[in-house]
2 protein chains.
Amino acid sequence: MLEQLKHKFHLNDSQWELFSSCLKKLKVPAKTTLLQEGEIAKRIFFIEKGCIRVLFNHDGRDLTLQFFFENETVASMESFKKGAPSLMGMETIEPCTLWFISKHDLDLLLPELEKVSGLRNKFTEYLFERMFLYMRHFFSFIKDSPLERYQNLIQEKPIVIQRVPQHYIASYLGISSVHLSRIKSQLVRKNMKSS
Amino acid sequence: MLEQLKHKFHLNDSQWELFSSCLKKLKVPAKTTLLQEGEIAKRIFFIEKGCIRVLFNHDGRDLTLQFFFENETVASMESFKKGAPSLMGMETIEPCTLWFISKHDLDLLLPELEKVSGLRNKFTEYLFERMFLYMRHFFSFIKDSPLERYQNLIQEKPIVIQRVPQHYIASYLGISSVHLSRIKSQLVRKNMKSS
DNA sequence: TACATTTGATAACAAATGTTATCGCCAGCC
DNA sequence: GGCTGGCGATAACATTTGTTATCAAATGTA
């Protein structure tokens with residue numbers, strides 16, 4: 001199961017052994033807070049089973065930024081990297097089986113891992129991709145209506161529709177849950193007409 | 001003037017000589033298209049004088065993504081790097097004095113420049129920062145009202161308010177120019193009351 | 001100077017979206 | 001089986017924001 005990670009980071013056997021020896025397992029129920037907003041992120045999580053949302057609070061309103069599922073890597077990168085208070089929090093949506101590595105361990109490991117030729121390049125590539133993803137997501141916020149954003153989500157991440165409660169999806173799309181209901185019934189009515 | 005660049009990239013004298021010999025000067029009037037949406041970006045620009053906006057079209061509507069001013073570096077990074085059609089266009093707002101380096105020249109130069117110890121690290125850092133900036137900008141779109149976004153802009157980038165026509169600012173804030181007018185007059189009325 | 005163009009403000013109306021409240025459904029739990 | 005809490009749909013109403021049109025001021029240019 002975790003072998004995914006080995007390939008993701010292009011590690012050879014001995015590096016993988018080193019790396020995986022630092023991984024710790026964590027089983028938590030739904031609605032567990034993994035990182036509090038304002039806290040300093042000290043762990044990177046890998047999801048074996050379950051799903052997680054990244055969120056933050058604003059005027060008492062709970063806003064969802066992103067969803068993560070099986071085999072994905074989650075961390076509050078800026079906080080983790082800089083040791084600064086995290087702008088966002090993280091919590092489980094479903095009961096989760098997670099693995100994590102602590103910043104402490106990773107810092108010890110990095111000099112060794114960096115000997116891998118090309119690892120740094122891979123990392124830069126990864127950063128690029130993350131950046132491009134954020135940009136596209138941002139674009140869609142500027143140019144698309146809530147209806148279009150919802151349809152995009154159905155197309156591109158149907159797993160979110162299937163597994164995430166609707167009010168989280170609404171806050172992810174930047175609208176109220178009532179309005180998301182409206183959009184859905186609007187779509188249903190449209191489909192009934194056209195068929 | 002251009003010496004800024006030398007320090008920005010931490011180049012030594014000989015590298016700077018090499019690099020600057022590839023820079024070409026370009027003077028253009030206001031409203032000049034530097035990169036068409038859909039075109040492949042082949043140049044990175046450095047602004048000596050003037051300002052530039054990054055934009056894209058959607059359903060005939062012209063949407064502004066970012067503004068750049070003196071001593072800033074502009075490119076459609078994803079397109080430049082991947083050789084893919086650019087998702088966004090670039091045009092001058094004011095008459096501009098620019099310097100640019102072509103992708104062709106930069107590719108020739110990079111092997112030489114990469115010998116600089118730490119340059120790659122600096123570049124990764126730069127990517128990180130860009131990414132964090134995008135994330136914060138994105139956050140503000142989710143959590144702030146147009147009024148708050150406008151006030152943030154006044155605080156954080158007053159130069160935009162001073163030099164950019166209002167309808168571009170409106171499209172940057174994600175609202176219509178009429179609504180930005182409303183917000184402004186609303187602020188004026190509030191200030192009159194409180195003083 | 002005079003003209004055209006760009007820019008910004010405002011009003012009136014339309015559409016989109018939020019808020020609050022209510023109801024029903026369903027899963028989990030005793 | 002019956003209760004409870006979480007979730008989602010819907011209605012009614014309030015607020016925000018967009019659209020279109022018009023005018024005035026500022027700016028650039030012949």
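In this structure, B/Arg163 forms no cation-pi arrangement with B/Phe69, as its terminal cationic atom is not both closer than 6.0 Å to the ring centre and no more than 45° off the ring axis. Cation-pi geometry between A/Lys103 and A/Phe80 is satisfied (NZ or CZ under 6.0 Å from the ring centre, within 45° of the ring normal).
Phosphate contact (OP1/OP2 of D/dG8, side-chain N/O of A/Lys184, threshold under 4.0 Å): absent. Not one side-chain nitrogen or oxygen of B/Gln166 sits closer than 4.0 Å to the OP1 or OP2 atom of C/dT6. Contact check, B/His167 against C/dG8: a side-chain N or O comes under 4.0 Å of OP1 or OP2.
If you take CD1 of A/Ile161 and C1' of D/dC7, they are 16 Å apart, rounded to a whole angstrom. The separation between B/Glu94 atom CD and D/dG28 atom C1' is 15 Å, rounded to whole Å. Between B/Asp144 atom CG and D/dT17 atom P there is a gap of 12 Å when expressed in whole angstrom units. Look at CG on B/Leu180: it is 12 Å from P on C/dT10, rounded to the nearest Å. The CZ atom of B/Arg189 sits 12 Å away from the P atom of C/dA9 (whole-angstrom rounding). D/dA9 atom P lies 13 Å from atom CD of A/Gln186, rounded to whole Å. Rounding to whole angstrom units, CG of residue B/Leu187 and C1' of C/dG8 are separated by 16 Å. In this structure, A/Lys31 atom NZ and C/dG28 atom C1' are separated by 14 Å, rounded to whole Å.
Closest to the A/Ser181 side chain, of the nucleotides C/dT7, D/dG8, C/dT20, is D/dG8. For B/Pro165, taking side-chain heavy atoms from C-beta onward, the closest of the listed nucleotides C/dT7, D/dT19, C/dT19 is C/dT7. Each of D/dG8, C/dT7, D/dA12 was ranked by its minimum atom distance to the side chain of A/Arg182; first place goes to D/dA12.
Within the 4.5 Å cutoff, no side-chain heavy atoms of A/Thr32 are placed close to those of A/Cys96. Residues B/Trp99 and B/Phe45 are not in side-chain contact: their nearest non-hydrogen atoms beyond the backbone lie 4.5 Å or more apart.
For the pair B/Tyr168 and A/Arg61, both in contact range of DNA chain C, the more 5′-proximal nearest nucleotide belongs to B/Tyr168.
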Name the atoms and distances for all side-chain donor-acceptor pairs under 3.5 Å in residues 60-67 of chain A, with sequence neighbours left out.
residue : atom : partner  : partner atom : Å
A/Asp62 : OD1  : A/Arg53  : NH1          : 2.9
A/Asp62 : OD1  : A/Arg53  : NH2          : 3.2
A/Asp62 : OD2  : A/Arg53  : NH2          : 2.8
A/Thr64 : OG1  : A/Arg53  : NH1          : 2.7
A/Thr64 : OG1  : A/Ser171 : OG           : 2.9
A/Gln66 : OE1  : A/Tyr134 : OH           : 3.1

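Across all strands, B/Ser185 comes closer than 4.0 Å only to sugar-phosphate atoms, never to a base (heavy-atom distances).
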